Participant: 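This structure is in structure tokens; I'll ask about it shortly.
Remember, predicted model here, so these are calculated numbers, not experimental data.
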Amino acid sequence: MVLPRRRVGGHAHQHHRNPCACPCPRRAALPAAAAALLLLFLVAAVALLGVAPPPLSDHPALASSRRRPLGGGWTAADDLWGSKLASKFYGCSNSSSKFPDSSNVTQPDRYLMIVTSGGLNQQRTGIIDAVVAARILNATLVVPKLDQTSFWKDASDFAEIFDVDWFITSLSKDVRIVKELPKIGGKVRTPHRMRVPRKCTQRCYLNRVLPALIKRHVVRLTKFDYRLANRLDSDLQKLRCRVNYHALRFTDPIEEMGEKIIRRMRERSTYFIALHLRFESDMLAFSGCYYGGGEKEKRELGAIRKRWKTLHASIPEKERRHGRCPLTPEEVGLMLKALGYRNNVHIYVASGEIYGGARSLAPLKALFPNLHTKETIASKDELAPFSKYSSRMAALDFIVCDGSDAFVTNNNGNMAKILAGRRRYLGHKRTIRPNAKRLYSLFLTRGNMSWDAFSSKVHMFQKGFMGEPKELRPGRGEFHENPSTCICEKTDHKTITKSNPQNEQGSSNGTEGGKAISEPTVPNHTEEGLGGSDGEDDDGAPAEKEAMLDTEVEDDDTLVRPDDPELEEALSD
């Protein structure tokens, strides 16, 4: 009986084929074929090495959605929205047992009045430092007066922007604060006006202001911005943090509107970026930079620049080379894309009127189509109570930027610094500021390199500029940007709650289970043994020498420089 031939080509039976059934010569040919294929592959690979990938300019949308490892061990999935190390650090701003209650140290008949300067965030730094100055002098602080005549011309007073009652009560154990200067015999005393040098130390206040305060009882410090040293003793630094991160709340209407914008952003996307895009005409004029707009740009920005006669002449190319020019909207977009953000991310743009309007924003919008502003998220009627006041509109942007998953800035002004410090204190939320000095040459040559090469360099240059824990050494940078005294590192696996000054004011230092990343302290000084002055206005006198440390060795991309007060005022937000 002849059995039918078994079919071996069918899929169901292929796995039953006997590997030994094939002829030996065919078995021997397999390695030769593989070697030939391998040789062809090597030849092709060598040929491809001489062909450069498409230049960056050939990637109009730059839609690199592939999930590849990013520089420095980052991955798009893990680190774009937060730091892996953040859980090891927490805010700790409680006072120590050596910091007595204000009721025990405040001297009667000593009142300190403060007049702040600049825009919202510059004034915020003045308010914070005013509380600390009052504590140094053991004086009662009168609620600070906001600048209503500067570049910003906002007529709002303190209580129209900040919750004044919360401000007073939350700091009651630290400093006695009153809303108005009390009358004596039915009359308000005339305060003695003076101005302290910039970066005035504890000793400076005790030498210069205290004698006048003892003699005149009421001292009014004018143009109070950057008038307190960066480095103070630990308890005073922690007081700064309690004021900044706990006591300074916006009024309920501002808070509610800001939170409403955040909710609407989250309805559009689980995560969102807040971009503080300081690309208004005043910023560009004061920076002295040039952005390729020809004679029209030079004429327009030059006319604005002339309003501030104290501004020195600038060399645009030099300013940009040293990282002192804000990035263009397109450059911000390229940086974000290179870091790994996809083009479907939603971005809230915190800004005034962009210089160049839609034309300037077009390249950013091409990279990230989902751009929003408070004007597109909220209705005109909803914004009506705020729209006529620059500080209240800035406060809305501040709230949204603070609540974002990633905060990005194209400059290093006051708002950028304050938010960077706040986000460090409140959990090291992702905060990206451009290393403008290093990125400058990269943007110039981006058309001559592949996208992957460009992206790799951006990652390399941005290390240290991403808001990571311990990114800055203690004492480096301004304290509002790097509040290292108020950030503690966990030393065990215990669950540690964030410090609450209201409930734990009397605790040792809020560092149980952790170690404070503390700055060097300076000695406390008493009134005895300090040479006094007559307390007259000595604005022209140089401040006592104070170590002013740059953020990093290469970080001189600061647009607001302490030695240029006019620039500070104009670029304060």
Participant: Glu375 and Lys380: salt bridge (Lys or Arg N to Asp or Glu O under 4.0 Å), yes or no, with the steps?
Facilitator: CA-CA 7 Å; Glu375 289 80 9; Lys380 191 173 182 179; over 6 Å; no
Participant: Give a yes-or-no answer on whether the side chains of Arg193 and Thr222 include a donor-acceptor pair shorter than 3.5 Å.
Facilitator: no
Participant: Examine the side chains of Asp233 and Gln202 and answer whether a donor and an acceptor come within less than 3.5 Å of each other.
Facilitator: yes
Participant: Using atom types as modelled and distance alone, determine if a side-chain donor or acceptor of Arg430 lies under 3.5 Å from a backbone N or O of Ala406.
Facilitator: no
Participant: Among Arg240, Lys238, Arg135, Arg242, which residue satisfies the salt bridge (charged side-chain N to carboxylate O under 4.0 Å, His left out) criterion with Asp174?
Facilitator: Arg242
Participant: Is the distance between the ring centroids of Phe89 and His428 under 6.0 Å?
Facilitator: yes
Participant: Report the C-alpha separation of Lys88 and Glu489 in whole Å, then their side-chain angles, then the decisive distance to 0.1 Å, and conclude whether the salt bridge (Lys or Arg N to Asp or Glu O under 4.0 Å) test is met.
Facilitator: CA-CA 6 Å; Lys88 298 180 180 179; Glu489 183 176 5; over 6 Å; no
Participant: Keeping the roles fixed (side chain from Lys490, backbone from Ser87), state whether a donor-acceptor pair exists under 3.5 Å.
Facilitator: yes
Participant: List the atom of Ser351, the atom of Leu277, and the distance in Å for their closest heavy-atom pair.
Facilitator: OG-O, 2.9 Å
Participant: Which residues pass the side chain to side chain donor-acceptor pair (under 3.5 Å) test with Arg422, not counting sequence neighbours?
Facilitator: Asp402
Participant: What pair of heavy atoms forms the shortest contact from His480 to Asp129, and how long is it?
Facilitator: NE2-OD1, 3.8 Å
Participant: What pairs with Phe158 under ring pair (Phe, Tyr, Trp, His ring centres under 6.0 Å), at least two apart in sequence or on another chain?
Facilitator: Phe162, Phe167
Participant: Have a look at Asp405 and tell me which of Lys429, Arg423, Arg266 forms a salt bridge (charged side-chain N to carboxylate O under 4.0 Å, His left out) with it.
Facilitator: Arg266
Participant: Can you tell me which residue among Val143, Val219, Thr140, Val142 is in a side-chain contact (heavy atoms from CB on, under 4.5 Å) with Met113?
Facilitator: Val142
Participant: Keeping Thr116 on the side-chain end and Lys145 on the backbone end, is there a donor-acceptor pair under 3.5 Å?
Facilitator: yes
Participant: Please determine whether side chain to side chain donor-acceptor pair (under 3.5 Å) holds for the pair Arg433 and Asn410, giving the CA-CA distance in whole Å, both sets of side-chain angles, and the decisive distance to 0.1 Å.
Facilitator: CA-CA 6 Å; Arg433 59 191 184 90; Asn410 72 331; over 6 Å; no
Participant: Shorter than 2.5 angstrom, is that how the SG atoms of Cys488 and Cys92 come out?
Facilitator: yes
Participant: Under 6.0 Å between ring centres, would you say that holds for Tyr425 and Tyr90?
Facilitator: no
Participant: List the residues meeting ring pair (Phe, Tyr, Trp, His ring centres under 6.0 Å) with Phe407, not counting sequence neighbours, and say none if there are none.
Facilitator: none
